[in-house]
Each structure stands twice: as C-alpha cells, then as structure tokens.
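A quick write-up on the structure given underneath.
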There are 2 protein chains.
Amino acid sequence: MLTPEDWTILRKSAILRDLPAGDLAALVDERSVRSIERGQVLFQQGDPARAFFLVLSGQVKLSRVNPGGDEAIVHIYGSGESFAEAAMFLGGRYPVAAEAVVASRVMHIESDALRRKVAERPEIAFAMMASMSRHLKVLVDQIEKMKLLSADQRVAEFLLGLCGEKTGAVTLTLPHEKSLIANRLGMKPATFSRAIARIRDLGVDVTGNQASIRDTSAVLAFVNRSAEE
Amino acid sequence: MLTPEDWTILRKSAILRDLPAGDLAALVDERSVRSIERGQVLFQQGDPARAFFLVLSGQVKLSRVNPGGDEAIVHIYGSGESFAEAAMFLGGRYPVAAEAVVASRVMHIESDALRRKVAERPEIAFAMMASMSRHLKVLVDQIEKMKLLSADQRVAEFLLGLCGEKTGAVTLTLPHEKSLIANRLGMKPATFSRAIARIRDLGVDVTGNQASIRDTSAVLAFVNRSAEE
DNA sequence: GGTTTCACTTGATAATAGTCAAGCGTCGCG
DNA sequence: CGCGACGCTTGACTATTATCAAGTGAAACC
C-alpha cells in the first residue's frame, strides 16, 4: 500500500524530511494510509484533533462552514503537503473540516506517536515549526490579499502564483474546479467568471482548465497597482 | 529596566512559561527591552528576521503595505503576547512591519540564542509550537470572518470578542482607535462608523471608546445569522 | 482663548460584488 | 441515443461597501 513514490514524497516532505529512515518507518506504516473518494470527509469541524495529515496524492480542502451553511475554504493541499499540525498540536478540536476534492491518498500520523518522537529527536520540532511557519505566512498573505486587492486582482494574482518561477509567456493548468478557486479567493463563481473575462485584455486567457498568460510582467503590474491610480 | 511585573508577564507568556527561571534569565536581560513611542517602527516589512518579540506593555500592530500605500493590519498584539516567531524561525525576512500603536515596551529575543535553548531543552519547542498554533487559529478565524460575514456582523463579532467570557449585559472599552479597528476588520472607517449606527437596534451602543451591549445573546444571534435568511 | 489638528460621523454618489435566473456545453448513464 | 446532472457563463438587477467631501466636537498647542 505504500509505494516507492509514497516514500519519496514522505522523505521530501517539509515536516518529515529531517527524520532518519528508521524513525520514519516507526512512525508510519500501511495502516496510516487512507484512500478517500472525491467528496469524502477526512474529519469534521469539531472532531477531536488526534492526528495530522500528509497528502500522498490528490487534493484535500480545509474549510469552515458557518451555521447558515456558507462555506469558506481556508486552503487546498496537494501532494507532499501536510495540514492540521497546529490543531493536533493544541490537542483540542479541529477548527476546520477536511474533505477530498478529488480521489486522494492521505497519510495520518498520530499525535501521541509524534510527540514521543519529538521528545526523543528535537530536530523534528524544528521541521514542524518550519512547516507551521510556512502555513502562517500563507495565511497572512491570504488576509492581505482579501483586504487589499479587488476580485480581478486576486484572480490575476492566483494565476501568477500558479506560474511559480516562470516568467514571460506561460501556459498552465488550473489545479481544480473554478468554483473551488473562486471560494478560495473569497468570491462567488459568477464573480470569478466575470473577473476572468475582464482581465482578458491583460493577455490572460482561460479556456476550460487551461490558462495562458502572454506576459507575466503585465499581470504583475496589474496586481501591484493600488486602488487609487 | 525589567520590573517585577515584567517578569510576571514573561513567566506567564505562552511561549516562555515552560522555561525554568535560570534559563529564562539567560535568554533575556535589560538590554532586550526597548521602549518605543507611538508610531515608532520596530521592524520594517522586508527586514532580515533575526528575533521574535514579546509585548510587555502597550500595543504593537503588524501590518502589510502594498506598493500603492494601502495598509492591511494583520493583527494587534497586547501585553504578554508574542509575535514574529514564525518569521524568525524561517530565518528569512519579516513579511510584515511592526509598529507601536501606543507607547509600548517590547522585549526581543534573538533567533540564535533561542535556537540554542531549544536544542538543549526540547520542551520549549512544544511551547513555541503551541504559540504558533494559536496564531494559526487566529488567522484562520480571521479569514473565515472576512469571507463569510458582512461588515455589520464583523463589527458585532469584534465587540463580542472583547466581552470575553462575559454574557448578558456588558460594558467595555475599545482597545484602540476606531480607524485601527476598522482596518483590522477589513473595512474603511466610514463603513465602521455606519456599521455601529446600524447595529444600535441590537442593543449595542458605542460612544467614544466606551461600548455597551444590552444582551450578548442577541448580538451572537445576529453574527451567526447567515446571509440568506 | 483661540486656533489647529485629529478622529470620527454623515451625506451623496460611485464602484464593486452578490443574487437570481436563464442558457450552454460536456460528461456520464440508462 | 437522449436525458439529466453539473459546472460554467452571462444578463439584469440589487445590495454592500468605498469614495469624496463636508461638517462636528474634543483635545492639544501656542
């Protein structure tokens, strides 16, 4: 059940890569892996937080639902990324729900086992802190964008993020359904759709799940433009 | 320069409380404390992150400024709270700027010294992770609120948060200027002002920096009401 | 004491995003 | 093949929030 590719992902993951192979094997085994269908829930908001998770393949979304049923996606994690360390760490309840957005394979690591390992190998603590720090930064970024950028700019910024290091003319594939991206960016699908239509004249084209950018620098300039100019 | 009250704050702070007194003394001394005026900057966005901070008294705001000059306040920390652990930990640059919003006294703890202490006493790592976990949760809360609540609801929710455990009829003092609160809640001062006027009939009154709530449960019901009902 | 400054409020108006609903294309399925 | 289901787009309209600007009151300063 744990393929060689899985082990590669584990060894490369930010949170476990500092663990010697033997310790890693002691922490995880076949039973730690769960295959989940699209739409299946890994844990509900409010469940006791006893483990954290690492995505081996697929995509898992973390979201919060308010009493009225509206959903806010906090983040979507892909292969090699870990989530819920913080909740597991505080030992209370998960403040979000986790649900697979495509068929996925997810490994879970129990709080107790991990705590024992950390006590015995402090370097793991550094890796965990680094991982949590990155999550913090991602959230700070998200807050800033929500407050400072218009819907059009958030969409443009999102596409730039997908480009990674590439600049100039770039073509790319959207990582998931547009309605999910819209929620992630804090807007409605209809607004997302219109935003794409509006940034078309920046040299951005999105057809189906394929996107192309004529020149990343033009898009970057648009994102950095503040409201009053 | 370090008063007995300061030591009490240090010993109670989430991040240092697990440190034995001797180790604490080794980490901090009078030179670690800085008094800063209102408006004075502790560090700029982009400065190399070599330390994290703990507020002894006063208030410090963390904010991001985009190229156009618009500001997004990420959080405001008060006495006993620590910030920038994550940035210090990643060792890159501060992704935000820190500025005193009132005259404050702030202690800074150097990355190198702390790393040595953590290596030697892993339990500190747990305390740091707990602290970072709490910050993560705060940010997740904030994102959810920005996405799911209207301006009026965010203001109501903010006031409820100030009530703490108290329920029923509560009177309280706003922690800082309304324009700062407005920014923190992701809205303009004018919108904040109007929001307060609108929630007046929920039994909420704000005059100057004094606020009173006739019945917290009515306000809570308003916050939990989703858009479509 | 008077003036300046600053934070806040309020009004009129504009921009932005949400709502509701219809229509379109694709995919899967009986 | 034809039928739905679903995700996306688009249009018309509404609601919410921002913008600009004027005005108020209180503290601060000479």
Side-chain angles (χ1 to χ4, degrees), chain A residues 37-39 61 66 68-73 101-103 145-158 173-200 204-211 222-223 225-229, chain B residues 37-39 61 66 68-73 101-103 145-156 158 173-200 204-211 222 225-229:
Chain A
E37 296 301 312
R38 171 194 163 125
K61 81 167 182 222
N66 76 0
D70 304 316
E71 181 187 33
I73 294 179
V101 300
V102 296
K145 284 167 205 156
M146 289 280 298
K147 286 187 181 174
L148 258 34
L149 302 183
S150 70
D152 294 8
Q153 286 173 309
R154 294 205 296 280
V155 171
E157 200 276 341
F158 176 82
T173 304
L174 300 183
H176 26 249
E177 287 152 20
K178 288 177 184 169
S179 53
L180 280 182
I181 299 175
N183 187 317
R184 227 174 123 169
L185 297 177
M187 68 188 73
K188 300 291 155 184
T191 305
F192 181 77
S193 196
R194 285 185 240 269
I196 285 179
R198 279 190 296 257
I199 60 176
R200 196 148 298 179
V204 175
D205 188 77
V206 180
T207 318
N209 63 356
Q210 293 300 308
F222 172 72
V223 172
R225 182 156 66 218
S226 85
E228 58 264 345
E229 328 175 27
Chain B
E37 296 301 312
R38 171 195 164 124
K61 82 167 181 221
N66 76 3
D70 305 317
E71 181 187 32
I73 294 179
V101 299
V102 297
K145 285 166 204 156
M146 289 281 298
K147 286 187 180 174
L148 259 33
L149 301 183
S150 70
D152 294 9
Q153 286 173 311
R154 294 205 295 279
V155 171
F158 176 82
T173 304
L174 299 183
H176 27 249
E177 289 151 18
K178 289 177 183 167
S179 53
L180 280 182
I181 299 175
N183 187 318
R184 225 173 124 171
L185 298 177
M187 67 189 73
K188 299 292 156 186
T191 305
F192 181 78
S193 196
R194 285 184 238 268
I196 284 178
R198 279 190 298 256
I199 61 176
R200 195 148 297 178
V204 176
D205 187 76
V206 180
T207 318
N209 62 356
Q210 293 300 308
F222 171 72
R225 182 156 66 219
S226 86
E228 58 264 345
E229 332 176 21

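Computed from a predicted model, the values in this text were never measured in an experiment. Numbered from 1 within each chain, the chains take letters A, B, ... in sequence-line order.
Spacing between atom CG of B:Leu185 and atom P of D:dT16 amounts to 18 Å, rounded to whole angstrom units. Atom C1' of nucleotide C:dT16 and atom CE of A:Met146 are separated by 14 Å, given to the nearest angstrom. Protein atom CD1 of B:Ile196 is 10 Å distant from nucleotide atom C1' of C:dC8, rounded to whole Å. A straight line from NZ of B:Lys147 to C1' of C:dG18 spans 16 Å, rounded to a whole angstrom. Atom pair B:Arg194:CZ and D:dA18:C1' shows a separation of 9 Å (rounding to whole Å applied). The distance from atom CZ of A:Arg198 to atom C1' of C:dT16 is 8 Å, rounded to the nearest whole Å. What separates CG of A:Asn209 from C1' of C:dG25 is a distance of 15 Å, to the nearest Å. To the nearest angstrom, C1' of D:dT16 lies 9 Å from CG of B:Asp152.
Taking only side-chain nitrogens and oxygens, A:Ser193 comes nearer than 4.0 Å to OP1 or OP2 of D:dT9.
Interatomic distance, NZ of A:Lys147 versus CG of B:Leu185, reported as 7.5 Å (0.5 Å rounding). Separation of atoms CG (A:Asp205) and CZ (A:Arg200) is listed at 5.0 Å; rounding is to 0.5 Å. Distance check: B:Leu149 CG to B:Arg154 CZ gives 7.0 Å after rounding to the nearest 0.5 Å.
Contact of B:Arg154 with D:dT16 (side chain to base): no donor-acceptor pair of N or O atoms is detected under 3.5 Å.
Between the A:Asp70 side chain and the B:Leu148 main chain, no donor and acceptor come within less than 3.5 Å of each other. Listed for the B:Asp152 side chain is no donor-acceptor partner under 3.5 Å among the backbone atoms of B:Arg198.
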**Study point:** Intermediate values then yes/no, side-chain contact (heavy atoms from CB on, under 4.5 Å), A:Arg38 and A:Val101
**Key:** CA-CA 5 Å; A:Arg38 171 194 163 125; A:Val101 300; 6.0 Å; no
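The residues B:Lys61 and B:Glu177 are annotated as not salt-bridged, no charged nitrogen and carboxylate oxygen being separated by less than 4.0 angstrom.
Only at 4.0 angstrom or more do the heavy atoms of residues 173-184 of chain A sit from any atom of DNA chain C, so none qualifies.
Here D:dT17 is the nucleotide among D:dT17, C:dA17, D:dA12 with the atom lying nearest to any side-chain atom of B:Ser150. Nearest to the side chain of A:Lys188, among D:dT10, C:dG18, C:dT10, sits C:dG18.
Heavy atoms of A:Arg38 sit under 4.0 angstrom from primed sugar atoms or phosphate atoms, though from no base atom.
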